[in-house]
Amino acid sequence: MSEKKRIRCKMRHNGRSLLLVLSLLSLLAGGCWDDRELNELGIVSGSAYDWEDNEWKGTYQVINPSSGSSSMGGSGGGSTSSPPFLTYTVKGNTIMQAIERTNLTSTREMFFSHSRITVIGESLAKRGISQLIDLFLRKPDARETVYVFLAEGEAGRILDQLMQLTKNQGAGIQLMIEQEARLTSYFPGIRLFEMAMQLSSDSESSTVPEIKLTGNRVMDRTDDTAQTDLPSRIAFGRLGVLKVDRFVGWLSQREAFGLSFLTDKVKKANISFPSTPGKSDRDDASVTLLHSSTSVHPIWEKDHFVMDIDIKAGGILTEIGSELDLEKASSMRQMEHAIENNIAETIDTSWHAVKKLNADVTGFAVSIHRNHPKRWKRIKQEDSWDTVFQNIEIRPHVKMKIERIGLIGSAYKSLEPK
Amino acid sequence: MKLKFLSNHKVAAAGPETATASSRPLDSSLDANVAEIKRRIGNSSDVVFRSLSNPASTSPSLTFIYIDGLVNADLITQAVIQPLTDSKDLQEPGLDNEKALLLIKEHILTVSGIKECKTVESLLRMLFEGNTIILLDGAKTALAAGTSGWETRSINEPTSQGVIRGPKEGFTESLRIGTSMIRRRLKNADLRVEEYKIGRRTQTGIALVYLHGIASEQVLAEIRKRLDAIDTDSILESNYIEELIEDGGMTPFPTIQNTERPDAMAGGILEGQVGILIDGTPFALLAPATFFSFFQSSEDYYQRFDISSFLRIIRFTAFFVSLLLPALYIAVTTFHQEMLPTTLLISLAAQREGIPFPALIEALIMELTFDVLREAGVRMPRAIGPAISIVGALVLGQAAVQAGLVSAAMVIVVSFTAISNFVIPSLAIANSIRLIRFLMMLIAGSMGLFGIMSFLMVLLIHMAGLESFGIPYLSPVAPMKPSYLKDIFLRMPMWKMKMRPSTYGSQEAPRQNLPAEQPQASGNPFEPQGSENS
C-alpha cells in the first residue's frame with residue numbers, strides 16, 4: 001500500500017467516524033429539546049379564569065415544593081412557614097398571553113400536567129367559555145381531566161384560600177368533590193372533557209358545581225391555618241347551569257339532588273323523611289341510600305313527550321325518631337312510601353327549576369334522539385326543541401326498598417319506659 | 001469471522017524464542033544431555049540434579065532430574081531412589097545400556113506411570129509436569145517417572161456462588177481434582193474427559209468434559225475446532241479461554257457461562273452443555289450458554305419448585321430494575337413529569353430544590369461512586385474493610401443528601417439498583433448489565449422514555465442476533481420452543497420436567513421413567529440420532 005493510498009484511506013476512515021459521532025451528537029441534541037429539570041418547574045395545581053376589563057385574567061396556583069414535605073434535600077429551600085403554594089395573577093388578551101406573562105414574575109415555567117381543578121368566574125361564564133375549552137383540548141400539557149367549578153364573583157380569590165389537612169389545595173378540592181359525589185350525590189363533579197361533551201351534545205347544556213368561601217375573608221396566610229375552626233372555608237354551594245357555553249342560572253342544593261336522580265348520578269345519599277306521615281309531616285327518620293338506578297324512557301303522547309322515569313333504590317334505615325313498630329310489614333311499607341314521595345317531590349322541584357332555566361341539563365334530548373330518531377330529526381329541522389322541551393311532562397315512578405334496619409330492631413323510643 | 005479473530009492472536013503469540021525450539025534428540029552421553037538440559041533451564045534453583053554413580057562403576061551412572069515443589073519427595077525416595085540403589089540386577093557386570101533401561105523401566109521402578117522421552121523437548125515437558133527424569137549414561141532414551149505431587153488448596157466452599165442448601169464444595173485450582181469432582185457426580189461411562197495443552201509458555205491443561213451422546217456433536221466439534229485454533233503463549237485463567245473461543249462480534253453479553261461449583265457443572269453437562277476445566281483456576285466454563293442460563297442457579301433445584309419459581313421471577317425483576325431504574329428515574333424527572341403521581345412529584349421536586357446538578361449528572365455521580373466503592377471493597381485488604389463501609393455509607397447516604405449534593409430519592413434509586421444487581425446469580429451478566437446501565441442512563445437523559453424504549457429494542461435485536469456455538473442466545477424464547485420453557489421463567493416441579501429440553505442442542509430425551517434395559521454398561525441409552533441442532 002503506497003503512502004498516499006494509506007493516507008487517503010485513513011482520511012476516509014476519519015470522515016466516517018466523524019459522521020458517526022456527529023449523527024450521535026445530533027441525536028442527543030434532538031432529544032434534549034423538551035427536557036426540564038424538576039427545579040425549573042412551577043407545578044400548577046389549579047387555575048382560575050375571570051373576565052375583567054375585556055381581558056382574560058388568569059390565576060395560577062403553583063405548588064411551593066420547599067414548604068414542608070421534608071427538611072431533607074436542598075437544605076437551602078426549606079423554611080416550614082412558607083406557604084404551600086403561591087398564586088400568580090396575570091392578564092392578557094388571550095389565555096396563552098396571560099400564561100406567558102407569568103414568566104415575567106416567576107422563576108418557574110408553568111407546568112400544567114398536574115393541574116387538578118379550574119375555577120371559572122361568573123363574569124367569564126356569562127361571556128362564554130368556548131375559548132377556554134378549546135385551549136384545554138389543544139394545549140399539549142393541559143389536562144382535560146381537571147374538575148371544573150363556577151365561582152360567583154371573582155374566581156381567583158378561591159385559589160388564595162388555604163385549606164386545612166391538605167397542603168395541595170387543588171388536589172384537596174378534587175378530593176372534596178370526589179368524596180361529595182360518592183357520599184352525598186348532590187353535585188356530581190364534572191371534568192372539563194365531560195363538560196365539553198355535554199355542551200356539544202344534543203342537550204347543549206351542562207351543570208357545574210359552585211365553589212365558594214363560607215366567610216367573606218380569604219384565609220391566605222400560613223398563620224391563619226393555625227386555628228381549629230377557620231372562619232372561612234372552601235365549600236360547594238349551588239349547581240351552576242351552562243347552556244351552549246354560557247352561564248344561565250343556579251340550581252339549589254335540593255334541586256341539584258333531584259337532578260342527580262334524574263340523570264342517574266346518585267351513588268350514596270342520605271334522605272330524611274317523616275316516618276309517620278299521617279301523624280306529623282316533620283322529617284324524623286333517615287335512610288342511607290346504598291344504590292339507586294334511574295332509567296328514562298321518552299314516550300310521545302299526542303302532542304308532547306312524556307318522560308317515564310323509573311327509579312329503583314335501596315338503602316339502610318339509619319335513624320328513627322318515632323315509636324314505629326318496625327316488625328310490622330305495613331310500617332316498613334309506610335316508610336318506604338314516604339321515601340318514595342320524598343324522592344318524587346325532589347325530582348319534581350328539580351324539574352321545575354330546570355324548565356325555568358330552559359336548559360336541558362337532564363339529557364332528555366340525547367334520550368329522545370336515541371329512542372325517536374325520526375322525530376328528533378323533525379325537531380331539529382323545525383328548530384323547535386325549546387318548545388318541545390318546555391312541554392315535556394315527567395312521570396317519576398320510584399321504587400324504594402329498605403333493605404336493612406340496622407343493629408337494633410324496634411325504634412329506641414318504643415323501649416323507653418312510659 | 002471467529003477464525004480471523006483467532007489468527008490475529010497467532011501472529012501476536014509467535015515469538016522469536018519459540019521458533020527455535022525444534023525437537024532435538026537426546027545424546028547418548030549423559031554429561032552432554034545434562035549439559036544441554038542445564039543450558040535450556042539455566043541455573044534455576046528449583047531444578048534438582050542428582051547423580052547416582054555406582055561404587056561398582058561397572059554399571060552405568062544415572063542422573064535424576066526433578067523440580068522441587070512439583071514432585072512428591074517421599075515418593076521419589078521410596079519408589080525411585082531406593083529401588084535403584086538396592087537393586088542387585090543393576091550391579092551385574094556387563095549390563096548393556098539399553099537393557100539396563102528396560103530393566104529399570106519394567107522391574108525396578110515402583111512408581112505407577114513411566115514414560116520414555118527421546119527428545120530434549122519432551123523431556124523438559126515431562127519435567128515441568130512433575131515427573132522425575134532418569135537419565136542413563138549411554139542411553140538415548142530418558143525415563144520419566146510419574147512422581148508429581150504438589151501442594152493444592154483444600155476443597156472449600158465456593159466464594160462467589162454460595163448456596164444455603166446444596167453441596168458446599170467448589171473447584172480448586174487443580175485440574176485433576178476438578179475432573180474427579182465431576183466424575184464423582186456422574187458415574188457414567190459416557191462421561192468423557194478430553195485434555196488439551198494450550199499456551200506456548202504456560203502449557204496449561206484444559207479438560208473438555210461432556211456426556212457422550214448427550215452433548216451435541218456439532219457444538220463439540222465447534223468447541224474442539226476453536227480450542228485447536230488457539231495459539232497463544234499463556235492461559236492463566238478461564239477467561240483467557242473464554243475470550244478466545246467466544247463467538248465473535250462486539251457484545252457486552254457473556255456467551256459462555258462460568259461456574260465455581262462442580263454440581264452446577266454436572267447439571268449443565270447433564271443438560272448437554274460442555275464443561276471446560278482449566279488448570280490453575282477454580283472457575284470452569286460451560287458452553288454453549290443462552291441468556292437464560294445466567295438466571296438459573298444450581299440452588300433452584302435444591303429447593304421446592306414454588307420457591308425456586310418465585311426466586312426466578314425476583315431475579316428477572318431485579319434484572320430489569322438493575323438495568324432500567326436509574327434510567328427511568330432520569331427520564332421521568334426530566335421529561336415525563338406528568339407521569340408521576342402529584343404527591344410524589346412534589347416530594348421529588350422538594351428534594352431536588354437546591355441540588356446543583358441535573359438528574360442525569362446526579363445519577364452518574366452516584367452510580368460511579370457506587371462502582372468505585374464496590375471496586376474498592378473487592379480490592380482492599382481485609383483489615384480496612386470496616387473503614388470502607390463507613391465511608392461508603394456516608395458517601396452514598398445521609399451525608400451526601402445533607403450536603404445537598406444529591407437528593408434522597410436518588411440515593412434510594414442507586415441503592416436499590418445496586419442491590420438488584422447482586423440478585424442476579426451470574427456475576428458475568430450482572431457486570432454486563434452494569435455497563436449497559438450507564439449507556440441507558442445517558443440515553444434516558446437525552447431522549448427520555450422514547451430513548452429507553454428504542455435502546456431496549458436495539459438491545460433485544462442485538463441479543464436475538466447473538467449465538468453461542470450455534471445456539472441462538474435467546475433460545476428457547478426466540479426462536480420460540482414452548483416445550484422447553486419449563487425451566488426458563490419458572491421452575492416447574494421435577495416430575496413435570498420429564499424430558500430434557502434440547503436448548504443446548506442435545507437430543508430431547510427422557511430424564512425420568514427411563515426404559516428398563518438401560519444400564520450404563522450395556523451401551524449408551526441416548527445413542528445420538530444425528531444429534532440435531534435446534
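Below, chains carry the letters A, B, ... as their sequence lines are ordered, and counting in each starts from 1.
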Practice item. Heavy-atom distances under 4.5 Å only: say whether B:Pro341 touches chain A with side chain, backbone, both or neither. Key: backbone

Review point. What distance do B:His336 atom NE2 and A:Asp35 atom CG have between them, rounded to the nearest 0.5 Å?
Key: 10.5 Å

**Study point:** Donor-acceptor pair, side chain of B:Glu353 and main chain of A:Pro65, under 3.5 angstrom
**Key:** no

Exercise for review: Kindly check if the number of other-residue, nucleotide or ligand heavy atoms within 6.0 Å of CG (A:Leu165) is above 12?
Suggested key: no

Practice item. Enter the distance from A:Ile63:CD1 to B:Thr342:OG1 here, rounded to the nearest 0.5 Å. Key: 6.5 Å

Study note, to complete from the structure: Heaviest contributor of heavy-atom pairs below 4.5 Å to chain A, chosen from B:Thr343, B:Leu340, B:Leu345, is B:Leu345

Exercise for review: Taking atom CE of B:Met380 as the centre, report whether more than 12 heavy atoms of other residues, nucleotides or ligands fall under 6.0 Å from it.
Suggested key: yes

Practice item. Might you confirm whether atom CZ of B:Phe422 has over 12 heavy atoms from other residues, nucleotides or ligands at distances under 6.0 Å? Key: yes

Check your understanding: Where on A:Phe111 is there a heavy atom nearer than 4.5 Å to chain B: the side chain, the backbone, both, or neither?
Key -> side chain

Check your understanding: Say you draw a straight line from OG1 of B:Thr334 to CG of A:Leu41; how long is it, rounded to the nearest 0.5 Å?
Key -> 10.0 Å

Exercise for review: Just give me the residue among A:Arg116, A:Arg36, A:Glu40, A:Arg143 that pairs up with chain B most often, heavy atom to heavy atom, under 4.5 Å.
Suggested key: A:Arg36

Check your understanding: A:Glu37 and B:Arg352: which non-hydrogen atoms are nearest, and at how many Å?
Key -> OE1-NH2, 2.8 Å

Review point. Is the number of heavy atoms from other residues, nucleotides or ligands within 6.0 Å of CZ (B:Phe438) greater than 12?
Key: yes

Exercise for review: Give the C-alpha distance, both sets of side-chain angles, the deciding distance and a yes or no for side chain to side chain contact (heavy atoms under 4.5 Å, CB included) between B:Glu338 and A:Asp141.
Suggested key: CA-CA 8 Å; B:Glu338 62 276 359; A:Asp141 72 337; over 6 Å; no

